[in-house]
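Quick notes on the structure that follows.
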Amino acid sequence: MKLYNTLSREKEDFKPLKGKEVSVYYCGMTLQESPHIGHIRAALTSDILHRYLKYLGYEVNLIVNFTDIDDKVIVKAEEEGKDYREIAAYFENEYRDVIGRLNILEPAFYPRATQHIEEIIKLVQKLEKKKFAYQKDGDVFFSVRKFKDYGKLSGKKVKDLRSGSRIKVNKNKEDPLDFVLWKKAKPSEPAWFSPWGKGRPGWHIECSAMANYYLGDTIDIHGGGSDLIFPHHENEIAQSETATGKPFAKFWVHNEMLNIKGEKMSKSLLNFVPIRDLLGEFDPNVVRLYILQAHYRNPIDYNTEMLKQAASGWEKIVNFLNISKGAGGKLFSNLIEDFEGKMNEDLGTPGAVALAFDIVNEGLKADKKEIGSFRETLSFILGNLGFDFGKEKQELSPAIEEIVRLRNDLRDEGDYGTADRIRAVLEKSGIFIQDNSQGSIWRLK
RNA sequence: GGCGGCAUAGCCAAGUGGAAAGGCAACGGUCUGCAAAACCGUUAUCCCCCGGUUCGAAUCCGGGUGCCGCCUCCA
């Protein structure tokens with residue numbers, strides 16, 4: 001498989017450091033607000049990577065973190081008049097709820113920053129000992145200029161950075177580029193005891209500490225949204241590589257942003273659509289289709305029209321699966337190879353999705369002998385892309401089938417009025433009936 | 001100002017040197033008690049612009065233009 005590596009800005013052949021094991025660290029979200037579709041795009045990207053690595057036979061050790069303590073969480077807690085832990089737990093639950101509904105595979109762990117304060121403190125001490133960190137008034141900073149590789153991920157040069165041009169620089173910093181590792185707490189703020197007094201971790205340090213704790217000094221893949229490249233991931237590299245003296249991650253994978261009306265969807269711009277709201281309107285498979293139809297490294301523009309288009313497309317797939325229900329057959333190995341060909345090329349989900357539609361089209365034209373094979377092949381591909389279409393409530397089947405039979409008796413007798421009313425009533429309860437010359441088929445909607 | 005990404009039909013989107021995939025939408029037709037589905041046909045002489053390389057370029061090279069992201073918390 002080829003994967004685009006932000007570090008080299010090239011697609012590279014993916015090979016794990018160690019045999020068949022792959023360690024993946026993904027930056028999850030800061031628990032300060034409801035997850036929106038942009039977060040979900042990142043989560044779906046990690047899910048596709050996770051699933052496809054497994055598909056290729058790798059044993060994937062995936063860690064997705066939650067940042068449950070930082071300035072924004074504290075601000076949110078103050079606004080709401082609640083403890084920061086309550087805020088963090090609330091949004092974590094919401095995140096995990098929608099992730100589950102979207103059929104995103106669980107990582108091995110979802111560690112939280114506050115569970116690793118000890119590791120964080122040790123890491124900061126290590127940096128201090130190596131003279132890459134300094135303390136001032138209870139704050140601890142990382143000396144960016146001492147890390148000679150600084151900028152290697154984002155392609156930035158230290159001299160070109162316009163630090164402080166848009167925000168005030170903390171006066172305790174020796175250099176505006178330096179970033180905080182440990183932050184002194186104000187009396188009212190949540191705090192932990194440390195060698196530097198009471199305080200809390202800075203934003204970037206928790207990821208370095210947790211990645212190291214769970215996955216070791218060098219990990220195979222580190223991922224996240226492209227907006228994290230700088231400064232977050234750049235700073236993680238600086239901290240981790242200074243501490244261990246080894247490369248932090250071999251591959252850096254970043255998904256592009258999801259925009260709304262040409263602007264990035266984000267909390268600060270107040271233009272975000274909570275995924276929970278969206279799932280009230282659209283099937284999770286539709287959301288997945290919408291996201292996967294675009295390549296993860298291309299920006300997507302969000303609007304309802306595009307989701308409606310995805311919904312129509314999903315209908316087409318579901319319709320075929322319903323028409324071919326019960327038919328079985330062997331997988332078409334050439335189509336599976338096509339699927340792998342698309343996915344091996346930097347997770348080419350748009351191509352894989354297009355292939356799925358090709359299969360639907362072929363399947364609709366296929367004769368009875370082959371339709372099952374198209375169905376099986378399609379299911380196989382969709383399943384490996386994380387679509388979840390197996391939830392047919394079969395226990396309803398006998399009752400529904402009897403009603404459908406009775407209704408068809410009415411149709412045979414020419415009582416179309418009653419038959420149409422039954423169809424309308426059933427549709428209201430989510431049972432969708434299609435009539436044709438051979439009889440009727442039904443499915444849950 | 002620096003760094004990165006993108007530019008293909010009404011919309012979304014593949015293709016990366018040899019006759020422009022696919023989805024949605026639209027229109028016409030077939031089938032159908034009706035609805036839905038399905039089927040057939042139509043919808044980019046052309047891939048942001050200008051040069052160049054080549055027998056041949058949407059695909060490679062050079063130069064522009066536009067949009068987006070990052071340089072500040074952000075997936």
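Below, chain A is the first sequence line, B the second, and so on; all start at residue 1.
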Can you pull every protein N or O that's under 3.5 Å from an N or O on nucleotides 36-41 of chain B?
{"from": "rA36(B)", "atom 1": "N1", "to": "D435(A)", "atom 2": "O", "distance (Å)": "3.2"}
{"from": "rA37(B)", "atom 1": "O4'", "to": "Q434(A)", "atom 2": "NE2", "distance (Å)": "2.9"}
{"from": "rA37(B)", "atom 1": "O3'", "to": "N319(A)", "atom 2": "ND2", "distance (Å)": "3.0"}
{"from": "rA37(B)", "atom 1": "O2'", "to": "N319(A)", "atom 2": "OD1", "distance (Å)": "3.4"}
{"from": "rA37(B)", "atom 1": "O2'", "to": "N319(A)", "atom 2": "ND2", "distance (Å)": "2.6"}

R9(A) to Y4(A), cation-pi by 6.0 Å centre distance and 45° axis angle: no
How is Y302(A) classified with respect to the nucleic acid when contacts are heavy atoms under 4.0 Å: base, sugar-phosphate, or nothing? nothing
Between E305(A) and A354(A), the residue closer to the 5' end of RNA chain B by nearest nucleotide is A354(A)
Charged N-O contact under 4.0 Å between E427(A) and R421(A): no
Table of protein N/O atoms under 3.5 Å from nucleotides 67-70 of chain B N/O atoms:
{"from": "rC68(B)", "atom 1": "O3'", "to": "G262(A)", "atom 2": "O", "distance (Å)": "3.4"}
{"from": "rC68(B)", "atom 1": "O2'", "to": "N259(A)", "atom 2": "ND2", "distance (Å)": "3.4"}
{"from": "rG69(B)", "atom 1": "OP1", "to": "K264(A)", "atom 2": "N", "distance (Å)": "3.3"}
{"from": "rC70(B)", "atom 1": "OP1", "to": "K264(A)", "atom 2": "NZ", "distance (Å)": "2.6"}
{"from": "rC70(B)", "atom 1": "O2'", "to": "F230(A)", "atom 2": "O", "distance (Å)": "3.4"}
{"from": "rC70(B)", "atom 1": "O2", "to": "K156(A)", "atom 2": "NZ", "distance (Å)": "2.9"}

When all nucleic acid strands are considered with a 4.0 Å heavy-atom cut-off, which category describes R411(A): base, sugar-phosphate, or nothing? base
C1'-based separation of rA19(B) from rC12(B) [nearest Å]: 25 Å
Are R41(A) and E256(A) close enough for a salt bridge, meaning some N to O gap below 4.0 Å? no
Charged N to carboxylate O under 4.0 angstrom, R101(A) versus D97(A)? yes
When the P atoms of rU43(B) and rG28(B) are considered, how many whole Å apart are they? 16 Å
Any strand, both distances under 3.5 Å, Watson-Crick or G-U wobble: rA75(B) pairs with none
Look at the side chain of S312(A) and decide which nucleotide, out of rG22(B), rC6(B), rC24(B), has an atom nearest to it. rC24(B)
Respond yes when some side-chain nitrogen or oxygen of Y296(A) is under 4.0 Å from OP1 or OP2 of rA75(B), and no when none is. no
Could you check whether the side chain of R297(A) and the base of rC6(B) have a donor-acceptor pair of N or O atoms closer than 3.5 Å, going by distance alone? no
Paired with rC24(B) by Watson-Crick or G-U wobble geometry, both distances under 3.5 Å: which nucleotide is it? rG10(B)
First of G417(A) and A310(A) reached from the 5' end of RNA chain B, by closest nucleotide: A310(A)
For RNA chain B, which residues of residues 30-44 of chain A approach it to below 4.0 angstrom with any heavy atom? T30(A), H36(A), G38(A), H39(A), A42(A)
Mind checking if L258(A) touches a base, just sugar-phosphate, or nothing, with heavy atoms under 4.0 Å? base
Tell me whether N322(A) contacts the main-chain N or O of W442(A) through its side chain, where contact means a donor paired with an acceptor under 3.5 Å. yes
Same-atom distance (P) from rA58(B) to rG52(B), integer angstrom: 15 Å
Is it possible for you to check whether K156(A) lies under 6.0 Å from the centre of the six-membered ring of F230(A), through NZ or CZ, and within 45° of that ring's axis? yes
